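Scroll down for the structure; my scribbles are underneath it.
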Amino acid sequence: MCGIIGYIGSNVASQILTEGLKRLEYRGYDSVGIAVLDNSSLEIRKDIGMVDEVSTALQFTNVNGHIGLGHTRWATHGSVCRENSHPHFDSSKKIVAAHNGVIENFSKLRDDLLSKGHKFVSDTDSELIPHLIEEHAKDSNLLKAFIKSVLEIQGSYAIVALSSADSEERLFLARKNSPLIIGVGQGEMFCASDISAMLKHTKTFVPLEEGDIAILTKTGYKVYSVDGSEVQRKQITVDWNEDIAQKGGYSHFMLKEIHDQKHFINESLATDVTEAKKLIGEYEKIHVLGCGTSYHAGLILAHLLPDKNIHAFIASDYPFVAKPDEKTLIIAISQSGETADILQALRFAKNSSKIAITNTVESTITRICDITVYLNSGPEIGVAATKTFTSQLAVIFKLAREKPVGLSAIIEKMIEKENEIKAIAAKLAGSEHAFFLARGLNVPIANEGSLKFKEITYIHSEAYPGGELKHGTLSLITDGTPIIALAPKDETVIKLLGNIKEAKARGGLIISLTNDDNVKEESDFVIGLPDIEVSLYPFALIVPLQLLAYHVSVLRGINPDRPRNLAKSVTVE
Ligand code: F6R
């Protein structure tokens with residue numbers, strides 16, 4: 001939630017910040033802003049809207065200066081308005097800061113500052129950060145003032161700050177429960193919430209650890225622990241090409257990422273699962289944790305290990321419904337590795353061994369868990385998870401069974417049906433509701449298809465095991481209600497056929513994903529499935545569901561990469 005970026009060097013900071021913010025926009029897109037220091041003049045430009053829109057209107061790139069910071073917001077504290085957008089000034093307008101996270105002791109800190117004469121212009125918790133620094137700088141040097149301020153904050157934060165009153169040009173950084181990564185350049189330094197925002201400039205990174213404080217100068221960086229002592233942090237090098245973080249000729253990142261699945265699936269299958277597999281073999285009781293799409297992958301994992309005492313949990317609810325102990329193995333699935341709900345669930349399961357399945361190198365989840373299995377899907381920019389879900393499935397199959405074969409070809413075959421799917425999308429674009437039906441192993445895929453559909457089309461949709469329809473939902477099926485049936489020729493198809501007939505008898509418009517002739521006969525539209533090994537149908541089913549959601553979204557005039565109210569990395573509970 002929220003993207004944050006900083007630059008110090010010899011190039012025009014405003015250009016680098018604006019480009020980087022475009023890469024970070026998937027993290028939040030309510031408002032955007034930059035602050036740049038030019039000699040002693042510190043200027044903020046910010047407003048509500050998307051990066052392209054605001055940066056053009058306010059001419060971000062006309063701001064001179066070689067040091068600055070930027071922010072793209074997903075509102076948590078205070079409405080979406082210019083005043084609440086970041087960066088924020090202190091009272092003297094000499095200190096600026098941008099913040100990602102939530103300050104839990106906000107009221108107390110703000111009251112203290114108000115009593116000392118500070119005036120606030122926004123409703124955000126973040127605005128108090130430059131004021132806190134200002135207050136502490138009255139009797140400390142800036143680094144000490146920054147550290148004292150950070151120590152007072154309870155909650156989560158990634159902070160970038162700078163001061164025009166600083167004796168040298170420096171950016172001040174801090175992180176706790178929100179990602180912040182340093183990018184190491186030649187005579188210039190960067191920081192951002194995510195590697196992809198810096199990929200154009202460097203491939204060398206230093207992920208900050210929980211509680212770290214850092215300063216960046218043109219020529220280097222120093223990392224400090226909260227007691228002010230300097231600490232060393234690991235440098236990593238990534239071999240990602242900047243093209244991965246570009247649309248590459250596709251109209252949206254989501255479409256590119258759906259198409260990319262046929263390549264990345266092989267990278268994911270190459271991931272090393274040896275240690276994780278061994279650990280799974282040692283435990284009988286397994287809790288799988290995830291949120292949203294990652295939870296759906298977790299449901300599949302639970303299906304694939306029927307001989308274990310295994311259960312998939314929605315991470316945000318985990319502390320209320322489970323009692324993990326030292327005999328419980330936790331498998332935590334999170335593409336970002338930064339989702340607050342899953343991190344709190346992992347901290348709750350303090351006595352259990354933990355495996356992380358994530359796409360994000362050095363993310364917080366990798367530090368909490370004993371073993372990490374990487375998805376190797378490359379950066380996913382579209383807010384809706386697509387290629388990382390398929391990668392999660394591939395890794396899960398490899399963990400629970402043998403390495404599956406032929407996945408790339410299956411995915412490619414389904415992508416070839418894009419034009420047919422687009423034609424079906426046109427029939428659904430005016431709908432108000434849609435229902436996704438499946439049985440058995442295919443139910444989590446129906447859940448995922450339905451989530452994808454509702455989040456980017458804004459059409460209400462629900463997914464059910466087919467048998468549940470007659471227990472209530474059937475009353476919602478009237479003439480033309482879309483029913484998307486996941487009906488591959490496996491052990492579920494006969495029973496699902498019955499459910500399809502029930503829906504059809506009530507006027508349902510049947511769109512089936514099937515290779516079964518009887519289902520085809522009952523269907524208004526068919527997306528054909530190949531005849532494949534039955535356990536691999538989830539891979540064939542998910543691709544057309546992603547494409548269907550994508551094309552309905554575009555037909556409804558929505559930007560599928562940036563659905564309203566959402567953000568890619570959900571770092572608040
Ligand atoms: C939906 C989607 C979300 C995420 C969820 C968890 O398309 O992307 O439901 O799956 O927010 O995110 P991660 O996997 O990063 O923990």
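We're numbering straight along the sequence, starting at 1. Order of listing sets the numbers, starting from 1, for every ligand and every atom in it. Because only heavy atoms are used, hydrogens play no part in the values below, and waters and symmetry mates are left out as well, while side chains stay in. The structure displayed is predicted, hence computed values, not measured ones.
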Tell me, yes or no, whether the heavy-atom count around K413 atom NZ, taken from other residues, nucleotides or ligands under 6.0 Å, exceeds 12.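 Not more than 12 within 6.0 Å, no.
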Number the atoms of ligand 1 from 1 as they appear, then name those within less than 4.0 Å of a heavy atom of [X], with their elements.
X    : answer
S334 : 13 (P), 14 (O), 15 (O), 16 (O)
G292 : 9 (O)
Q335 : 13 (P), 14 (O), 15 (O)
A384 : 7 (O)
T293 : 1 (C), 2 (C), 7 (O), 9 (O), 10 (O)
K452 : 1 (C), 7 (O)

Does E362 form a salt bridge (charged side-chain N to carboxylate O under 4.0 Å, His left out) with R367? I'd like the steps, not just the answer. CA-CA 7 Å; E362 298 289 332; R367 285 151 213 242; 3.4 Å; yes
Between [X] and [Y], does any side-chain donor sit less than 3.5 Å from a side-chain acceptor?
X    : Y    : value
S450 : S461 : yes
H311 : H287 : no
T372 : T366 : no

Mind running salt bridge (charged side-chain N to carboxylate O under 4.0 Å, His left out) on E19 and R23 for me, showing each step along the way? CA-CA 7 Å; E19 269 175 26; R23 305 265 174 274; over 6 Å; no
Record the part of [X] in heavy-atom contact with ligand 1 below 4.0 Å; permitted values are side chain, backbone, both and neither.
X    : result
T339 : side chain
E455 : side chain
V383 : backbone

Under the 6.0 Å and 45° cation-pi test, does R556 pair with Y458?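 Cation-pi check for R556 and Y458: fails.
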What protein heavy atom is closest to [atom], reported as residue, atom name and distance in Å?
atom                    : result
atom 14 (O) of ligand 1 : S294 OG, 2.6 Å
atom 15 (O) of ligand 1 : S336 OG, 2.6 Å
atom 5 (C) of ligand 1  : C291 O, 3.6 Å
atom 11 (O) of ligand 1 : V570 CG2, 3.9 Å

May I ask you to decide whether K422 forms a salt bridge with E418, counting only side-chain N to carboxylate O separations under 4.0 Å?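 A salt bridge is absent here (no side-chain N lies under 4.0 Å from a carboxylate O).
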Tell me whether D325 is salt-bridged to K285, with the criterion being a basic N under 4.0 Å from an acidic carboxylate O.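 Here D325 pairs with K285 in a salt bridge, since their nearest N and O are under 4.0 Å apart.
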Any nitrogen or oxygen of Q392, main chain or side chain, under 3.5 Å from a nitrogen or oxygen of ligand 1?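 No; every N/O pair is 3.5 Å or more apart.
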